[in-house]
Amino acid sequence: MAEALGEARRAAEAGEVPVGAVAVLGEEIVGRGRNAVIAERDPTAHAEIVALRAAARRLGNYRLAGVTLYVTLEPCPMCVGALLQARVARLVYGAPDPKGGAVESLGRLLDDPRWNHTVEVASEVLAVESRAVLQAFFQARRPAPSAR
């Protein structure tokens with residue numbers, strides 16, 4: 001998760017919402033990603049998608065059996081769908097996302113027994129640190145209280 005936090009910080013430095021992700025197989029990072037929707041002009045360039053794409057290229061297969069995805073923010077519905085399609089084994093995420101999270105906050109998409117794949121989930125791992133990166137990013141973009 002520390003590596004995912006580093007990716008989130010790099011996203012913030014680039015002016016993107018600071019979400020980072022790493023895909024791990026065994027003990028090896030096989031894909032890295034950070035939000036790049038602005039830079040790529042691509043609404044699908046979420047950190048999770050970027051990391052999954054990198055892992056698929058590296059492993060030579062769109063099926064990522066045995067991969068754990070670490071991400072600093074609870075995934076949205078699009079990213080949950082990508083996890084299922086890629087057959088990711090495990091998801092570990094940091095901060096919950098009450099406005100867009102589709103794992104536990106707004107919906108529990110991975111809990112539906114009708115899916116042909118299940119993803120093990122660990123939530124709120126380094127949640128305080130993940131939330132702090134997001135809060136610092138957005139606080140820096142808001143006007144100071146005296147300027148309002």
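No hydrogens, no waters, no symmetry mates; every other heavy atom, side chains included, goes into these values. Keep in mind it's a predicted model, so treat the numbers as computed, not measured.
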- prompt: Are V80 and L52 connected in a single hydrophobic cluster, I mean Ile/Leu/Val/Met/Phe/Trp/Tyr linked by side-chain heavy atoms less than 4.5 Å apart?
  reply: yes

message: Has E74 got a side-chain atom pairing as donor or acceptor with Y93's backbone, closer than 3.5 angstrom?
response: no

- request: For the pair R87 (side chain) and L84 (backbone), establish whether a donor and an acceptor sit closer than 3.5 Å, ignoring hydrogens and angles.
  value: yes

- prompt: Does E48 reach the main-chain N or O of A21 with its side chain, forming a donor-acceptor pair under 3.5 Å?
  reply: no

query: Can you check whether H46 reaches V19 side chain to side chain, under 4.5 Å on heavy atoms?
result: no

field: Common cluster, V17/L106, ILVMFWY with side-chain heavy-atom separation under 4.5 Å
entry: no

query: Side-chain contact, heavy-atom cut-off 4.5 Å: L59 with V67?
result: yes

- prompt: Is the shortest distance from a Lys or Arg side-chain nitrogen in R10 or E13 to a carboxylate oxygen in the other one below 4.0 Å?
  reply: no

field: Residue pair P18 / N35, side-chain heavy-atom distance below 4.5 Å
entry: no

- prompt: Taking all non-hydrogen atoms of both residues, which atom of W115 and which atom of L109 are closest, and how far apart?
  reply: NE1-O, 2.7 Å

query: Does L64 belong to the same Ile/Leu/Val/Met/Phe/Trp/Tyr cluster as L83, with side-chain heavy atoms less than 4.5 Å apart forming each link?
result: yes

- request: Check C79 against I49 and note the closest heavy-atom contact, atom names and distance.
  value: SG-CG1, 3.9 Å

message: Assigning hydrophobic clusters by single linkage (Ile, Leu, Val, Met, Phe, Trp, Tyr; side-chain heavy-atom cutoff under 4.5 Å), is Y70 placed with V119?
response: no

query: Does the T72 side chain pair with the main chain of G20, one donor and one acceptor, at a distance under 3.5 Å?
result: yes

task: Determine whether L5 and L134 fall in the same hydrophobic cluster, where Ile, Leu, Val, Met, Phe, Trp and Tyr are linked whenever their side-chain heavy atoms lie under 4.5 Å apart.
output: no

- request: With V92 as reference, evaluate L69, L126, V22, V125 under the side chain to side chain contact (heavy atoms under 4.5 Å, CB included) test and give the passing residue.
  value: V125

- prompt: By salt bridge (charged side-chain N to carboxylate O under 4.0 Å, His left out), which residues pair with R131, not counting sequence neighbours?
  reply: none

- line: Tightest non-hydrogen contact, residues A55 and A23, listed as CB-CB, 3.9 Å

query: Minimum heavy-atom separation for R53 to T44, with atom names?
result: NH2-OG1, 3.3 Å

- prompt: Under the side chain to side chain contact (heavy atoms under 4.5 Å, CB included) criterion, do T118 and L110 qualify, and how do the steps go?
  reply: CA-CA 7 Å; T118 58; L110 292 174; over 6 Å; no

query: Is the shortest heavy-atom distance from the side chain of D97 to the side chain of C76 under 4.5 Å?
result: no

- request: Considering non-hydrogen atoms only, spot the tightest contact between V103 and L91 and give its length.
  value: CG2-CD2, 3.8 Å

field: Donor-acceptor pair, side chain of R142 and main chain of A140, under 3.5 angstrom
entry: no

Any donor-acceptor N/O pair, R58 side chain to I29 backbone, under 3.5 Å: yes

query: Are there more than 12 heavy atoms of other residues, nucleotides or ligands under 6.0 Å from atom CZ of R141?
result: yes

- request: Of all the heavy-atom pairs spanning L25 and A65, show the shortest one and how long it is.
  value: CD1-O, 3.8 Å

- prompt: Does the E104 side chain pair with the main chain of P96, one donor and one acceptor, at a distance under 3.5 Å?
  reply: no

query: Hey, does R9 have a side-chain heavy atom less than 4.5 Å from the side chain of V133?
result: yes

